[in-house]
Amino acid sequence: MPSTTPLSGKRAIVTGSNSGIGLGIAREMARAGAEVVLNSFTDREEDHALAQDIAAEFGVAASYVAADMSDPLACRALVERAGGCDILINNAGIQHVARIEEFPTGKWDAIIAINLSSAFHTSAAALPGMRARGWGRIINIASAHGLTASPFKAAYVAAKHGVVGLTKTTALEVAGEGITANAICPGYVLTPLVESQIPDQMKTHGMDRETVIREVMLQRQPSKQFATVEQLGGTAVFLCSPAADQITGTTISVDGGWTAL
Ligand code: NAD
């Protein structure tokens, strides 16, 4: 019978995990028996409470480490403060929507730093330990926008395509050492990041909430259903299973058919 805690003895760091997809993935990692290290840039009581709740619900060790993923040193310090990790999930991400001519330079820099460069820095810090132990999983949360583009999302699309490229290079550098690197490419998942885009889209298109969700946001998602954070967590757990030992340097789309169009 398969173990219900296949990841016991493994420590997973999930960046940007005090909400949305990151929290969902952390919960599925914990359900599978992994110790989890949650992260975001804030250091509030409620952030630490999330880790306590996961520990109580799943009977695993769980902690919260505040670190700003826009800061290269903080990215590396996160891995050190966690004591290294067997599973690294680079999930922290932000979005900004504007025409290229109007795209604020600061937003471009922040998106590239948080959505792309942080994955480089955390991977660099985590790989030596993974190599020493002969086992590791790097899972980068890219996007359908890592494989295809949309207007007005220049920085996000560039960063996510970069994440896919970084994933391939990481996989090649560690091939044959028991370490894999893959990117999960979600389509639309209803999280705070997506929720925050709805009012703008309603204004831009002059539509009500339901219509903007169906006609605009899920326009390119043939299933017309949002993916769930549990489905993304389940995909991440699968990538940590022995069945996925030879899956490396690739992308897995969880996008309701978006990239098949
Ligand atoms: P979210 O806003 O709910 O979560 C983003 C997380 O990143 C939060 O925990 C936030 O605190 C954290 N974060 C932001 N800036 C940070 C910083 N400087 N340092 C550390 N943490 C920081 O959004 P989400 O939808 O859960 O997005 C998670 C990831 O999934 C992102 O990389 C996003 O691009 C990607 N993604 C989301 C969707 C979607 O439809 N929601 C689709 C494709 C990809």
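Sequence positions, counted from 1, serve as the residue numbers for this chain. Order of appearance sets the numbers: ligands from 1, and atoms from 1 within every ligand.
- Of all the heavy atoms of Ala142, the ones lying under 4.0 Å from any atom of ligand 1 belong exclusively to the backbone.
- In terms of protein heavy atoms, atom 17 (C) of ligand 1 is closest to Phe41 CD2, 3.5 Å.
- In terms of modelled atom types and a separation under 3.5 Å, the side chain of Asp86 and the main chain of Arg11 share a donor-acceptor contact.
- Residues Phe41 and Met69 are members of separate hydrophobic clusters, defined by side-chain heavy-atom contacts under 4.5 angstrom among Ile, Leu, Val, Met, Phe, Trp and Tyr.
- Between Asn115 and ligand 1, no pair of N/O atoms sits closer than 3.5 Å.
- At least one heavy atom of Lys160 sits closer than 4.0 Å to an atom of ligand 1.
- For atom 20 (C) of ligand 1, the closest heavy atom belonging to the protein is Met69 CG, 3.4 Å.
- Here CD of Glu28 is found 12.0 Å from SG of Cys240. Values are rounded to the nearest 0.5 Å.
- Nearest to atom 41 (N) of ligand 1 by heavy atom, out of Val189, Asp255, Ile184, is Val189.
- Those atoms of ligand 1 that come under 4.0 Å of a heavy atom in Ile114, given as number and element, are 18 (N).
- Those atoms of ligand 1 that come under 4.0 Å of a heavy atom in Val194, given as number and element, are 39 (C), 40 (O), 41 (N).
- Summarising the geometry, atom CZ belonging to Arg44 is positioned 8.0 Å from atom CG belonging to Leu50; distances are rounded to the nearest 0.5 Å.
- For ligand 1, the atoms lying closer than 4.0 Å to a non-hydrogen atom of Tyr156 are 33 (C), 34 (O), 35 (C), 36 (N), 43 (C), 44 (C).
- Among protein heavy atoms, atom 23 (O) of ligand 1 sits closest to Leu193 CB, 3.0 Å.
- Asn140 contributes no side-chain N or O that, together with a main-chain N or O of Ile184, makes up a donor-acceptor pair within less than 3.5 Å.
- Nearest protein neighbour of atom 24 (P) of ligand 1, counting heavy atoms only, is Thr191 OG1, 3.4 Å.
- No side-chain N or O of Arg220 forms a donor-acceptor pair with one of Thr259 less than 3.5 Å apart.
- Taking atom 43 (C) of ligand 1 as the reference point, the nearest protein heavy-atom neighbour is Pro186 O, 3.4 Å.
- Looking at every heavy atom in both residues, Leu147 comes nearest to Cys185 through CD1-SG, 3.8 Å.
- Scanning all protein heavy atoms for the shortest distance to atom 12 (C) of ligand 1 gives Gly16 CA, 3.5 Å.
- Asn18 OD1, 2.6 Å is the protein heavy atom nearest to atom 9 (O) of ligand 1.
- Side-chain contact, Asn182 with Thr250: no donor N or O sits under 3.5 Å from an acceptor N or O.
- Between His96 and Tyr156, the distance separating the two ring centers is not shorter than 6.0 angstrom.
- When the heavy-atom distances from atom 13 (N) of ligand 1 to Ser19, Gly24, Ser40 are ranked, the shortest goes to Ser40.
- Leu7 and Leu88 fall into different hydrophobic clusters, defined by Ile, Leu, Val, Met, Phe, Trp and Tyr side-chain heavy atoms under 4.5 Å apart, directly or through other members.
- Close contacts of ligand 1 with Asn91, meaning ligand atoms under 4.0 Å from a residue heavy atom, involve 28 (C), 29 (C), 30 (O), 31 (C), 32 (O).
- Judged purely by distance below 3.5 Å, without hydrogens or angles, the side chains of Asp43 and His48 pair a donor atom with an acceptor atom.
- Rounding to the nearest 0.5 Å gives a distance of 8.5 Å between CD1 of Ile138 and OG1 of Thr180.
- Near Ile94, the atoms of ligand 1 lying under 4.0 angstrom from a non-hydrogen atom of the residue are 14 (C), 15 (N).
- Each of the following atoms of ligand 1 lies closer than 4.0 Å to a heavy atom of Ser17: 9 (O).
- Of the polar atoms of Ile21, at least one N or O is found under 3.5 Å from an N or O of ligand 1, judged by distance alone.
- Considering only non-hydrogen protein atoms, atom 42 (C) of ligand 1 sits nearest to Gly187 O, 3.0 Å.
- Within ligand 1, the atoms closer than 4.0 Å to a non-hydrogen atom of Gly20 are 3 (O), 26 (O), numbered from 1 in the order shown.
- Close contacts between ligand 1 and Pro192 involve ligand atoms 3 (O) [criterion: under 4.0 Å to a heavy atom].
- Taking CD of Gln52 as the reference point, atom CD of Glu45 lies at 9.0 Å (rounded to 0.5 Å).
- If you look at Thr15 next to ligand 1, there are no close heavy atoms at all, none under 4.0 Å.
- For the pairing with Thr122, the side-chain hydrogen bond (donor to acceptor under 3.5 Å, both in side chains) check across Thr15, Asn90, Asn39 returns one residue only, Asn90.
- Taking a 4.0 Å cut-off on heavy atoms, Ala67 registers as neighbouring ligand 1.
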